[in-house]
Number of protein chains: 2
Amino acid sequence: MGTTASKATKGVRSETLRRSNLAAIFAMLRTAPSVTRSELVEATGLTRSAVGSLIGELVEYGLATETGAQHDGHRGRPSAMAEIDGTGLAALSFEIGVDGVAAAVVNLRGEVLDDARASRTRGPVAAEPKVDDLVTLANLLGYANGMVGDRRIVGIGVAVAGTVTSDGQRVVMAPNLQWSDVPLADLVSARFGAGVAVTIGNDADVGALAEHRFGAGGGANNMIFVGGEIGVGGGIIVEGHRVHGRSGFAGEFGHMPVNPSGDVCGCGSIGCWETEVGERALLRRAGFDVDSGDAAVQRLLLAAQHGDAAVLDALAEHGGWMAIGLACLINVFDPEIVVMGGMFNDLWRYVEDVVTSDLARTSFGGQERPGVVVAGRLGNSARLIGAAELAFQPLLNDPVSA
Amino acid sequence: MGTTASKATKGVRSETLRRSNLAAIFAMLRTAPSVTRSELVEATGLTRSAVGSLIGELVEYGLATETGAQHDGHRGRPSAMAEIDGTGLAALSFEIGVDGVAAAVVNLRGEVLDDARASRTRGPVAAEPKVDDLVTLANLLGYANGMVGDRRIVGIGVAVAGTVTSDGQRVVMAPNLQWSDVPLADLVSARFGAGVAVTIGNDADVGALAEHRFGAGGGANNMIFVGGEIGVGGGIIVEGHRVHGRSGFAGEFGHMPVNPSGDVCGCGSIGCWETEVGERALLRRAGFDVDSGDAAVQRLLLAAQHGDAAVLDALAEHGGWMAIGLACLINVFDPEIVVMGGMFNDLWRYVEDVVTSDLARTSFGGQERPGVVVAGRLGNSARLIGAAELAFQPLLNDPVSA
DNA sequence: CCCCATTTGTTGTACCCTATTACAAATAAG
DNA sequence: CTTATTTGTAATAGGGTACAACAAATGGGG
């Protein structure tokens with residue numbers, strides 16, 4: 001949910017034209033390690049002089065660098081290589097999960113420069129103590145007065161396990177934290193100073209954002225991200241943009257009804273996908289204590305690694321149910337790629353075969369789309385990198401604004 | 001699937017800037033009966049002189065008219081009203097369905113000026129005889145040499161019951177017509193002359209397009225359209241744009257798995273939504289001959305109208321299954337509106353109460369979203385109006401191109 | 001009836017930004 | 001050493017909107 005201009009103008013004029021071109025070139029620099037001006041000419045359709053001027057401005061503002069020209073063996077004047085300047089700016093990102101909180105400093109290349117985590121017991125906790133935790137983690141990372149070391153923090157992004165308003169300011173509801181209508185951005189702003197903008201995002205949405213920009217989904221225009229711990233949710237990328245729906249509730253994949261004879265879900269319905277593939281379903285299926293959280297899941301994975309037959313059977317059955325919901329998503333979206341995050345990322349090695357073979361049988365035209373479901377590549381950092389992207393978004397939209 | 005430029009440039013320059021502004025104003029004219037220049041200034045952020053010049057150009061090209069200024073009682077110079085010129089241009093649109101073919105002449109306001117239909121018995125038919133039918137219908141409508149009467153036909157759009165390549169040129173597969181990889185646009189072009197561009201679209205996708213631009217979904221940024229006859233499919237509008245997925249397969253709502261203990265579907269899976277809510281499921285549930293097509297559905301509706309208890313019971317059960325799949329779509333997309341088209345439009349009066357009350361219980365946060373599911377407003381014309389939009393799309397993208 | 005305020009339309013010039021053209025620089029090929 | 005090729009830079013041209021001023025057309029108020 002990038003911030004919206006105070007006046008949603010649709011008309012283009014000279015100054016917005018240049019801003020748009022700066023943003024486009026900046027975005028192109030972020031999808032490649034380095035780029036020549038000629039490649040930018042090719043990609044944008046602008047002339048060499050226009051691209052030169054635009055690159056010059058990004059360099060002047062400390063967003064890009066142009067290295068010395070590199071000889072590549074063909075004749076003609078060598079090209080200078082432009083790339084993102086990963087040194088001067090960073091975002092501070094946080095994650096408020098069910099099992100703990102985390103923080104990271106992330107640069108413009110999506111690289112985690114430093115991070116910190118703290119476990120917390122599950123259960124209802126007010127927002128303020130969680131924000132206290134965030135302050136503590138930020139201090140651990142060396143944050144002070146809008147800076148970390150000699151990097152300027154351009155914004156703060158927070159991933160939370162709940163639904164968020166589309167302006168990224170309030171948590172509408174987070175059932176597993178037992179929050180309802182929490183002005184989280186204001187709470188964080190109050191502690192970090194009004195000079196740094198704070199943006200909140202749903203944890204699955206920002207996981208999708210990260211895997212799309214820097215992870216397994218890179219280069220895809222249409223991507224589905226499935227994440228899950230206690231709850232199962234997801235993010236949707238369509239034509240390169242995230243979909244959040246009219247109230248921020250899009251991506252509630254855990255509540256797809258897949259089994260009319262199934263169990264009662266926490267949402268009150270019967271047979272939601274979450275009741276078959278969530279954390280509690282897995283632990284129950286494997287004969288573990290369903291209330292022991294992530295620690296129990298780690299023990300289950302350890303048992304699987306050691307070849308425990310009951311656990312492997314449970315995982316196979318789990319994979320079968322995963323395939324049912326994934327078939328639904330594939331038939332509805334026809335995505336280029338489906339990225340499995342959260343707990344599913346951890347399970348992937350044990351369920352991939354079952355999921356893949358079941359999908360080949362159950363997805364419409366699925367036989368023609370091998371490899372469409374993959375594990376995420378950013379692991380535990382995905383949500384932190386995604387939250388940083390929320391913080392960077394105003395800069396991405398208008399690279400040379402104040 | 002609007003046509004793509006031969007060179008996908010992302011850079012903006014003066015000439016593309018003006019084209020973009022012309023397109024934006026043209027689009028605004030199409031969403032309102034008439035608009036003042038001041039309203040366009042407000043909406044676009046451009047100045048009065050820029051808007052005046054842009055409107056002047058649309059008028060010069062015969063795309064808009066500016067009526068005499070209207071007195072509205074407040075002081076100040078009265079405003080001229082600009083509106084779409086619905087007189088000089090039109091699109092020729094066709095629909096190739098399972099039970100027949102149809103054609104229409106549609107103007108820039110989305111108004112059907114004239115239409116013609118022909119029923120056909122079901123079953124496999126080669127594409128060529130279908131195109132013969134289209135030529136016959138076009139002749140009936142008075143089409144000759146790129147004109148109908150004194151209206152110039154700017155393009156031809158064809159809705160077909162199957163999946164279509166994203167460039168709108170080929171039918172990848174249409175199971176109920178038993179087509180596979182048919183170059184339909186070329187076949188139509190060959191009969192109507194190379195001077196008129198032909199664009200093909202999936203029938204549910206174009207139904208969604210029509211209801212979004214001119215029907216029940218007007219004004220929504222995020223809309224789901226559910227259509228169905230033998231097969232059940234749908235269209236997805238996200239941030240105002242249609243979603244077709246990587247291969248044009250998006251919107252296969254009929255193949256969402258909702259019942260692991262259900263029937264074998266035509267696609268080979270078990271318990272797809274289509275097996276519970278498609279035409280055959282309804283006819284079987286009501287004790288009718290499942291192979292008698294649309295005529296049987298009409299007889300069923302007549303029986304319901306007369307209060308046949310068995311039929312009303314069947315419809316209630318049908319509504320329950322409709323609600324299950326709709327709950328899935330609502331949880332996945334969080335759409336502003338879901339529009340029911342095709343057969344579901346016909347059934348709506350008999351199933352609305354069951355669907356609405358079941359959704360209130362089964363959709364995540366559904367209680368807070370009354371009225372999100374509605375019947376379509378364009379009825380049988382939806383697909384024809386939507387196909388016309390495919391034909392108009394190049395003009396919408398660049399209003400003053402040749 | 002006249003003057004004033006307000007809103008909209010038109011016109012001429014200023015300004016922003018890229019396009020175009022020409023030239024310079026830096027290479028490899030012959 | 002010359003030529004060909006590719007890229008960078010600089011000066012000017014050109015497209016299109018912004019800006020400012022003025023004109024036109026209304027209603028309000030005295």
Side-chain angles (χ1 to χ4, degrees), chain A residues 7 9-26 34-61 64-82 398-401, chain B residues 7 9-26 34-61 64-82 398-401:
Chain A
K7 185 191 205 181
T9 60
K10 289 194 169 87
V12 188
R13 53 191 194 283
S14 295
E15 70 173 4
T16 59
L17 180 157
R18 186 165 180 86
R19 179 189 307 161
S20 174
N21 285 338
L22 284 164
I25 289 189
F26 195 37
S34 59
V35 178
T36 68
R37 290 186 188 188
S38 297
E39 287 165 342
L40 291 171
V41 163
E42 187 68 30
T44 61
L46 300 172
T47 59
R48 289 205 300 281
S49 55
V51 168
S53 167
L54 293 160
I55 283 284
E57 195 165 347
L58 291 175
V59 170
E60 185 186 343
Y61 276 77
T65 56
E66 241 183 340
T67 62
Q70 310 230 327
H71 307 182
D72 64 1
H74 72 353
R75 62 176 145 179
R77 186 170 171 170
S79 306
M81 312 299 291
D398 187 357
V400 299
S401 62
Chain B
K7 185 191 206 182
T9 59
K10 289 192 168 86
V12 189
R13 54 192 195 280
S14 295
E15 70 173 2
T16 59
L17 180 159
R18 186 164 180 86
R19 180 190 306 162
S20 175
N21 285 337
L22 283 164
I25 291 188
F26 195 39
S34 59
V35 178
T36 68
R37 290 187 188 187
S38 297
E39 287 165 343
L40 291 171
V41 163
E42 188 68 30
T44 61
L46 301 171
T47 59
R48 287 203 304 281
S49 54
V51 168
S53 168
L54 293 160
I55 284 285
E57 196 166 346
L58 290 175
V59 170
E60 183 186 344
Y61 277 78
T65 55
E66 242 185 338
T67 62
Q70 309 231 328
H71 307 185
D72 64 1
H74 72 352
R75 62 178 147 178
R77 185 170 171 168
S79 305
M81 312 299 291
D398 187 357
V400 300
S401 63

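Side-chain atoms are counted along with the backbone in the values below, which use heavy atoms only and exclude waters and symmetry mates. Every chain is numbered from 1 and lettered A, B, ... according to where its sequence line falls, protein lines coming before strand lines.
Atom CG of A:Leu54 and atom C1' of D:dG8 are 15 Å apart (whole Å). One atom, CG of A:Leu46, and another, P of C:dA19, lie 5 Å apart when rounded to the nearest Å. One can place CD of A:Glu42 at 10 Å from P of D:dT7, the figure rounded to the nearest angstrom. Between B:Asn21 atom CG and D:dA18 atom C1' the separation is 13 Å, expressed in whole Å. Rounded to an integer number of Å, the gap from A:Glu66 CD to D:dT9 C1' is 13 Å. What separates CG of B:Leu17 from P of C:dC16 is a distance of 15 Å, to the nearest Å. Put simply, CZ on A:Arg48 is 12 Å from P on C:dT21, counting in whole angstrom units. Rounded to a whole Å, the CD atom of A:Glu57 is 13 Å from the C1' atom of C:dT18.
Set against D:dA18, C:dT27, C:dT8, the side chain of A:Arg75 has C:dT27 as its closest nucleotide. Comparing C:dT27, C:dC17, D:dT17 against the side chain of A:Glu15 picks out C:dC17 as the nearest. Here the side chain of A:Thr47 is nearest to one of D:dT9, C:dT20, C:dG9, namely C:dT20. Listed candidates were D:dT6, C:dT8, D:dG16. Nearest to the side chain of B:Ser79 is C:dT8. The side chain of B:Arg77 sits closest to C:dT8 out of C:dT8, C:dT18, D:dG16.
Map B:Ser14 and A:Ala80 each onto its nearest nucleotide of DNA chain D; the residue landing nearer the 5' end is A:Ala80. Ranked by how close their nearest DNA chain C nucleotide is to the 5' end, A:Ser49 and B:His74 are led by B:His74. Each of A:Gly73 and A:Arg18 was assigned the nucleotide of DNA chain C with the nearest heavy atom; the assignment lying further toward the 5' end belongs to A:Arg18.
Residue contacts for B:Ile55: at a heavy-atom cut-off of 4.0 Å it reaches no nucleic acid atom on any strand shown. Here B:Leu22 lies out of heavy-atom contact (under 4.0 Å) with every strand.
Residues A:Arg37 and A:Glu39 are not paired through a salt bridge, judged by the lack of any N-O separation under 4.0 Å between the basic side chain and the carboxylate.
Residue B:Leu54 holds its CG atom at 13.0 Å from CZ of B:Phe26, rounded to the nearest 0.5 Å.
No donor-acceptor pair under 3.5 Å is formed between the side chain of B:Ser79 and the backbone N or O of B:Thr36. A:Thr44 places a side-chain N or O within 3.5 Å of a backbone atom of A:Leu46 that can act as its donor or acceptor partner. Remark: the backbone N or O of A:Ser49 is not paired with any side-chain donor or acceptor of A:Ser53 at under 3.5 angstrom.
Within the 4.0 Å cut-off from OP1 or OP2 of C:dT8, not a single side-chain nitrogen or oxygen of B:Arg37 is found.
Between the base of C:dC17 and the side chain of A:Ser53 there is no donor-acceptor pair shorter than 3.5 Å.
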